[in-house]
Enquirer: 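Below: one structure in structure tokens.
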Amino acid sequence: MTRRSGIIALAGRPNAGKSTFINRALGEKIAIVSDKAQTTRTRILGVYHQSDAQIGFLDLPGIHKPSHQMNREMMRTVRRSLNDADLVFHFIDASVVSGKGDEFAHQIIVDAGLRSIIALNKIDLVNKHKMIPLLESLEQRFSPLAIVPMSAKSGENVDHLIETAIPYLPESEFLYSEDDLTDQPLIFMAQEFIREKILHFTKQEIPHAVAVSIDAFEWDDAESTQFVAARIWVERPSQRSILLGAGGSMIKKIRQAAQRSLRDLLEKKVVLELYVSVEKDWRNKVEKLEALKLRLPD
Ligand SMILES: Nc1nc2c(ncn2[C@@H]2O[C@H](COP(=O)(O)OP(=O)(O)OP(=O)(O)O)[C@@H](O)[C@H]2O)c(=O)[nH]1
Ligand SMILES: [Mg+2]
């Protein structure tokens, strides 16, 4: 039996549905999702297994023009990850007009010397009659290996997208162990799951100005409880006030939702404490980005 194994990078504009796809393809939540742009900040490996094929999916930050040092690091992560990939799924949101953002993403994929399959996502939001001109335009502008209309949210055509890609992967022994799922440390996932709830409850500049770090992650045998203390970083005192909310109402909502989400992740009883700290302009501070694991080594 021929075995195929390779790396597929998930690239495309922010908010196109890359992280929703990786969770759906793996049947496990390994990446956080939100309706705010630029949710994913790091490279997230998710390993997909079949009897005769194994794929390392790399969920990546959305391709955008950087405004802060953090965003430059995100784009470095995208470019470096593309160097590791055999193929790209170029995620395009079918429910918004396809323009310069998709072209910019396409150019970055081409510059990395890669071919792509267009994952034309969110077709559940689009009238089928409007799809034909869009398919023609994408074909003409990007000359992809294939275009697969799909919905990461409903799952429609997700398997078809994967099956379309497998023949383009190298014949190779499997790259990962049979039970590999992701390479993310549990603590990193925990802080991401907390950040997801902050993104869910906040708007405007707050989602972009927030980072999470873990102060304590301790198992209490007597209580059979995982104790987690996390720190939320913001850039200004006014953002701290918003996160705390009137009488602490906002931070309470975030804490309760994040605690439930951590319980699902860790499959244990969790007690979560949250603190909010201000670090002026942290998104432009290299040392802070390093401490938060938001910067690749040189
Ligand atoms: N209706 C619909 N919504 C979707 C679909 N896929 C993703 N979404 C929604 O689109 C939003 C963005 O999804 P993400 O998976 O976070 O997008 P992303 O490409 O990872 O975004 P970044 O990490 O910011 O680059 C979320 O609100 C998702 O629920 C889909 O197929 N249909
Ligand atoms: Mg994402």
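The figures that follow rest on heavy atoms only: side chains count, while hydrogens, waters and symmetry mates do not.
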Enquirer: Under a 3.5 Å cutoff, is there a donor and acceptor pairing between the side chains of Ser5 and Ser172?
Expert: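 Per modelled atom types, Ser5 and Ser172 side chains form no pair under 3.5 Å.
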Enquirer: More than 12 foreign heavy atoms under 6.0 Å from NZ of Lys285: is that the case here?
Expert: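 Enclosed: over 12 neighbouring heavy atoms sit under 6.0 Å from NZ of Lys285.
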Enquirer: Take Met131 and Val126 through the side chain to side chain contact (heavy atoms under 4.5 Å, CB included) test and state the conclusion after the steps.
Expert: CA-CA 8 Å; Met131 294 286 291; Val126 180; 3.8 Å; yes
Enquirer: Without swapping roles, check the side chain of Asp59 against the backbone of Ile44 for a donor-acceptor pair under 3.5 Å.
Expert: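 No, Asp59 side chain to Ile44 backbone: no donor-acceptor pair under 3.5 Å.
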Enquirer: If you look at every heavy atom in Lys18 and Gly62, which pair is closest and at what distance?
Expert: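 Distance-wise, the nearest heavy atoms are NZ-CA, 3.7 Å.
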Enquirer: Going only through I, L, V, M, F, W and Y residues with side-chain contacts under 4.5 Å, is there a path from Leu262 to Phe227?
Expert: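 They do not share one cluster, since no chain of ILVMFWY contacts under 4.5 Å joins Leu262 to Phe227.
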Enquirer: Going by atom types only, do Glu103 and Gln107 share a side-chain donor-acceptor pair under 3.5 Å?
Expert: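 No donor-acceptor contact under 3.5 Å links the two side chains.
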Enquirer: Could you check whether any side-chain N or O of Lys122 sits under 3.5 Å from a backbone N or O of Asp93, counting only pairs where one atom can act as donor and the other as acceptor?
Expert: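 Judged by distance alone, no pair lies under 3.5 Å.
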Enquirer: Quick check against the 3.5 Å criterion: does Asp264 have a side-chain atom that pairs as donor or acceptor with the backbone of Ser261?
Expert: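 The answer is no, because no donor-acceptor pair under 3.5 Å joins these two groups.
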Enquirer: Kindly say whether Ser143 contributes a backbone atom to a donor-acceptor pair with the side chain of Arg115 at under 3.5 angstrom?
Expert: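 Confirmed, Arg115 side chain pairs with Ser143 backbone.
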Enquirer: In terms of side-chain heavy atoms, does Gln38 have a donor or acceptor partner in Asn71 at a distance below 3.5 Å?
Expert: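 Checked: Gln38/Asn71 side chains pair up, N/O donor to acceptor below 3.5 Å.
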Enquirer: To the closest 0.5 Å, what do you measure between CZ (Arg41) and CE (Met70)?
Expert: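 The CZ atom of Arg41 sits 4.0 Å away from the CE atom of Met70.
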Enquirer: Taking all non-hydrogen atoms of both residues into account, name the closest pair between Gln184 and Ile30 and its distance.
Expert: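 So the minimum-distance heavy-atom pair works out to NE2-O, 2.9 Å.
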Enquirer: Rounded to the nearest 0.5 Å, how far apart are CD1 of Ile8 and CG of Leu58?
Expert: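 Separation between the atoms: 9.5 Å.
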Enquirer: Check Ala85 against Ala9 and note the closest heavy-atom contact, atom names and distance.
Expert: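 Scanning both residues, the minimum pair turns out to be CB-CB, 3.8 Å.
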Enquirer: What is the minimum heavy-atom distance between Leu134 and Ser98, and which atoms define it?
Expert: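 The answer is CD1-CB, 4.4 Å.
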Enquirer: Has the side chain of Ser137 got a donor or acceptor atom that lies under 3.5 Å from a matching backbone atom of Pro133?
Expert: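 No, Ser137 side chain to Pro133 backbone: no donor-acceptor pair under 3.5 Å.
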Enquirer: Decide yes or no for Phe89 and Ile118: does some side-chain heavy atom of the first lie under 4.5 Å from some side-chain heavy atom of the second?
Expert: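 Phe89 does not reach Ile118 side chain to side chain.
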Enquirer: Are Phe57 and Phe21 an aromatic pair, judged by ring center distance below 6.0 Å?
Expert: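 Yes, ring centres under 6.0 Å apart.
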Enquirer: Can you see which heavy atom on Met150 is nearest to which on Val158, and at what distance?
Expert: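 Taking Met150 first and Val158 second, the nearest heavy atoms are CE-CG2, 3.9 Å.
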Enquirer: Can you tell me if Arg43 and Thr77 form a side-chain donor-acceptor pair at under 3.5 Å?
Expert: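 Distance-only check fails for Arg43 and Thr77.
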Enquirer: Quick check for you: to the nearest 0.5 Å, what is the distance between Met250 atom CE and Ser241 atom OG?
Expert: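 Met250 atom CE to Ser241 atom OG measures 12.0 Å (nearest 0.5 Å).
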Enquirer: Look up atom CD in Gln204 and atom NZ in Lys36, then write down how far apart they are to the nearest 0.5 Å.
Expert: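 It is 10.0 Å, given to the nearest 0.5 Å.
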Enquirer: Cation-pi check for Phe174 against Arg3: NZ or CZ below 6.0 Å from the six-membered ring centre and within 45 degrees of the axis, yes or no?
Expert: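 Satisfied, under 6.0 Å and within 45°.
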Enquirer: What's the verdict on side chain to side chain donor-acceptor pair (under 3.5 Å) for Gln69 and Glu73, showing C-alpha distance, side-chain angles and the deciding distance?
Expert: CA-CA 6 Å; Gln69 186 60 28; Glu73 302 294 347; 2.9 Å; yes
Enquirer: Between the side chain of Arg13 and the main-chain N/O of Ile92, is any donor-acceptor distance below 3.5 Å?
Expert: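 No: the side chain of Arg13 does not pair with the backbone of Ile92.
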Enquirer: After noting the C-alpha distance and the side-chain angles of Val212 and Ile198, does the key distance pass the side chain to side chain contact (heavy atoms under 4.5 Å, CB included) rule?
Expert: CA-CA 10 Å; Val212 177; Ile198 304 169; 3.7 Å; yes
Enquirer: Test your reading of the model: is there a side-chain donor-acceptor pair from Asp86 to the backbone of Ile7, 3.5 Å cut-off?
Expert: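 It does hold such a pair.
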Enquirer: I'd like to know if the side chain of Asn157 and the backbone of Pro149 have a donor-acceptor N/O pair within less than 3.5 Å.
Expert: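 It does hold such a pair.
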Enquirer: Can you check whether Glu235's main-chain N or O pairs, donor with acceptor, with Arg240's side chain at less than 3.5 Å?
Expert: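 Not at all, since once roles are kept as given, no pair shorter than 3.5 Å links the two residues.
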Enquirer: Is the cationic atom of Lys65 (NZ for Lys, CZ for Arg) positioned less than 6.0 Å from the six-membered ring centroid of Phe104 and within 45 degrees of its normal?
Expert: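 Here Lys65 passes the 6.0 Å and 45° test against Phe104.
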Enquirer: Using 0.5 Å steps for rounding, measure from the CE atom of Met189 to the CD atom of Glu196.
Expert: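 The distance works out to 10.5 Å.
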Enquirer: Is there a continuous path of hydrophobic side-chain contacts, each under 4.5 Å between heavy atoms, that joins Leu175 to Leu181?
Expert: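 Result: no, two separate clusters.
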Enquirer: Is the closest side-chain donor-acceptor distance between Trp219 and Asp221 under 3.5 Å?
Expert: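 Distance-only check passes for Trp219 and Asp221.
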Enquirer: Applying a strict under-4.5 Å side-chain criterion to I, L, V, M, F, W and Y, I'd like to know whether Trp233 and Ile206 cluster together.
Expert: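 As far as the 4.5 Å side-chain criterion goes, Ile206 and Trp233 are not connected within one cluster.
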Enquirer: Apply the test salt bridge (Lys or Arg N to Asp or Glu O under 4.0 Å) to residues Asp35 and Lys203: give CA-CA distance (whole Å), side-chain angles for both, the deciding distance (0.1 Å), then the verdict.
Expert: CA-CA 10 Å; Asp35 60 358; Lys203 49 187 195 260; over 6 Å; no
Enquirer: Cluster question for you: counting only ILVMFWY and a side-chain heavy-atom cut-off of under 4.5 Å, with indirect links fine, are Val78 and Leu114 together?
Expert: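 Yes, it is one cluster - the side chains of Val78 and Leu114 are joined through contacts under 4.5 Å.
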Enquirer: Cluster question for you: counting only ILVMFWY and a side-chain heavy-atom cut-off of under 4.5 Å, with indirect links fine, are Tyr168 and Leu10 together?
Expert: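 Result: yes, single cluster for both.
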Enquirer: Between Arg260 and Gln256, does any side-chain donor sit less than 3.5 Å from a side-chain acceptor?
Expert: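 Checked: Arg260/Gln256 side chains show no N/O donor-acceptor pair below 3.5 Å.
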Enquirer: Please name the pair of heavy atoms, one in Ala16 and one in Asn121, separated by the smallest distance, quoted to 0.1 Å.
Expert: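 Looking at all heavy atoms of both residues, the closest pair is O-ND2, 2.8 Å.
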Enquirer: How long is the straight-line distance from CD1 of Ile22 back to NZ of Lys29, given to the nearest 0.5 Å?
Expert: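 Output value for this atom pair is 12.5 Å.
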Enquirer: Is a donor on one side and an acceptor on the other found under 3.5 Å between the side chain of Ser177 and the backbone of Asp180?
Expert: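 Checking the backbone N and O of Asp180 against the side chain of Ser177, no donor-acceptor pair under 3.5 Å is found.
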Enquirer: More than 12 heavy atoms of other residues, nucleotides or ligands under 6.0 Å from NZ of Lys268: is that the case?
Expert: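 Correct, the count exceeds 12.
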Enquirer: Taking the inter-plane angle between the rings of His106 and Phe142 on a 0 to 90° scale, is it parallel (under 30°), tilted (30 to 60°) or perpendicular (over 60°)?
Expert: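 Answer is tilted, since the angle falls between 30° and 60°.
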